[in-house]
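Here's the structure we're looking at; comments come further down.
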Number of protein chains: 2
Amino acid sequence: MAIKKQRAARRTDALSKERIVEAAIEILDAGGEGALTFRALAAHLATGSGAIYWHVADKDDLLAAATDGVVARVVTDMTDGARPREAIRALALGLFDAIDAHPWVGTQLSRAPWLAALPQIFEGFGSRLEELGVPGSAQFDATSTLVIHVLGVAGQNAANARLHAHRTDRTAFLGSIADQWAQLDPAQYPFVRRVAAQLPVHDDREQFLAGIDLILDGIAALRQKPTPRP
Amino acid sequence: MAIKKQRAARRTDALSKERIVEAAIEILDAGGEGALTFRALAAHLATGSGAIYWHVADKDDLLAAATDGVVARVVTDMTDGARPREAIRALALGLFDAIDAHPWVGTQLSRAPWLAALPQIFEGFGSRLEELGVPGSAQFDATSTLVIHVLGVAGQNAANARLHAHRTDRTAFLGSIADQWAQLDPAQYPFVRRVAAQLPVHDDREQFLAGIDLILDGIAALRQKPTPRP
DNA sequence: ACCTGAACACCGTTCAAGT
DNA sequence: ACCTGAACACCGTTCAAGT
């Protein structure tokens, strides 16, 4: 008997960039960065891989749109009205938590600098520094230091998530690195050896926040001496 | 006439991980991250792509080794004996300059956290904080904040370098982003609009150092209040 | 032990052909 | 205008076969 090759039935709901990005986020959350391929995305959307290119320029465009979506949600959800220092800490923690929940966002933020998401983050930090009384000449550098801290931690966390994908539990994994650090040459690495024990037990989120506080303290010190060090 | 397929002559000098990494660095410096393929590397070394796998586990292993090589050179070259704050600034700048010269190192550092290079960087910053009189309980967080700043800027610079690969000159490129920022909604983005003008003219290296100074100032403030904020 | 290079399994992206 | 899916040009990685 003859087997007729059936063409796949055309979907009734039209494709759109919005639906494509939504599906991409689902795939990224479920399977990590490696799971997002145009073939997987096309299958998920019951279409051909070429159809996606009608709505999206390329993979970078797709990842940028997905990242912007997640970041926009965090920034928009920020409750206004808190005192500036608290608002800055809350925004930083909101971004940290979003990146923790979607590690692929961390990868994107740390490797795509001029993302549409960036002005939102910049504004969130910068406008609060203004309220804190940071002199105008120092605002750009101070804001960028806060942003860099968020993006830097984002990249490291995403990389850690990639390593953890293979089921190793976090404490055991950090423990094995701590062991390596503890075995380094005492003459060359006294500090690293001393700090190794803290590695498996430290809290990433608290350490991230400690960094934000350190930077904010440095910014506070700035108000006393308007002239930068030579 | 019959054309005999000549097998490529076997090289006289043996392959080694060292020679492979050296060649990889040459290719990365010359052509950027996209230029390093096992085929290109095999051609450069006049061998088969499979031969490389005898000495190197996979591409990640290769990139890690290349990155460690560059970082080790910076850390080793650091002149000792300067006052701790100056030593920290010098190490930070040394790393910045190395990443600036080899943007692919920035990509690696920002996406591969537990690189062999990391203990060297940690030790460089951490041991100096000890000399600065930072209390032991705060040393881990303070060191990691400095390291994150270096890695964060590394990632952003590498990403910028990827965008610049296509010949656009830096000021023009940043100018076009500044234009976009300047056109954002004044009600939602007052700070970003104000800061846009500084974007094309600012110096990345100085801004990086301003961030290091901010963190160091925050660390200095730490000595006065040993108990962390609740 | 080390090297060769074809083969495999996968990508992102393009494009003629369909509706 | 939008979609289909095969085809193209690449990858990293493996492996039988050579020396």
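These numbers come from the heavy atoms of this one structure, side chains and all, not from hydrogens, waters or symmetry mates. In what follows, chains carry the letters A, B, and so on, assigned in the order in which the sequence lines appear, proteins first and then strands, with residues in each chain numbered from 1.
If you measure from atom NE2 of B/His55 to atom C1' of C/dC2, you get 7 Å, rounded to the nearest angstrom. Distance, A/Ile52 CD1 to C/dG12 P: 10 Å, rounded to whole Å. For the pair A/Leu41 CG and D/dG5 P, the interatomic distance rounds to 15 Å; values are reported in whole Å. Going from atom NZ of B/Lys17 over to atom P of C/dC2 covers 14 Å, rounded to whole Å.
Contact check, B/Trp54 against C/dC2: a side-chain N or O comes under 4.0 Å of OP1 or OP2.
Applying the ring-ring contact (aromatic ring centres under 6.0 Å, His included) criterion to A/Phe38, with sequence neighbours excluded, gives A/Tyr53. Shown here are the salt bridge (Lys or Arg N to Asp or Glu O under 4.0 Å) partners of B/Glu123, two or more places apart in sequence or in another chain: there are none. Every residue two or more places apart in sequence or in another chain that forms a side chain to side chain contact (heavy atoms under 4.5 Å, CB included) with B/Ala210 is listed here: A/Asp141. Every residue was checked against the salt bridge (Lys or Arg N to Asp or Glu O under 4.0 Å) condition with B/Arg193, not counting sequence neighbours, and none meets it. Scanning for side chain to side chain contact (heavy atoms under 4.5 Å, CB included) contacts around A/Ala64 gives A/Leu115, with sequence neighbours left out.
When side chains are defined from C-beta on, B/Phe122 does not count as touching B/Leu146, because their heavy atoms never get closer than 4.5 Å.
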Polar pairs (N or O, both sides) under 3.5 Å between protein and nucleotides 13-15 of chain D?
from: D/dT13; atom 1: OP2; to: B/Tyr53; atom 2: OH; distance (Å): 2.9
from: D/dT13; atom 1: OP2; to: B/Lys59; atom 2: N; distance (Å): 3.0
from: D/dT13; atom 1: O5'; to: B/Tyr53; atom 2: OH; distance (Å): 3.1

Pairing string of DNA chain C (Watson-Crick or G-U wobble, both atom distances under 3.5 Å; | = paired to other strand) is ||.|||||...|||||.||
Per-pair distances, 0.1 Å, donor-acceptor, side chain in residues 176-184 of chain A, under 3.5 Å, sequence neighbours excluded:
from: A/Ser176; atom 1: OG; to: A/Phe173; atom 2: O; distance (Å): 2.8

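Under the ring-ring contact (aromatic ring centres under 6.0 Å, His included) criterion, the residue pairs touching residues 140-162 of chain A are A/Phe140-B/His202, A/His149-A/Phe208, with sequence neighbours excluded. Listed by first then second residue, pairs satisfying salt bridge (Lys or Arg N to Asp or Glu O under 4.0 Å) with a partner in residues 50-76 of chain A read A/Lys17-A/Asp61, not counting sequence neighbours. For residues 98-121 of chain B, no residue pair satisfies the salt bridge (Lys or Arg N to Asp or Glu O under 4.0 Å) rule, not counting sequence neighbours.
Against DNA chain C, the stretch residues 20-37 of chain A makes heavy-atom approaches under 4.0 Å through A/Leu36, A/Thr37.
Pairing each heavy atom of A/Leu45 with each of A/Ala23, the nearest pair is CD2-CB, 3.8 Å.
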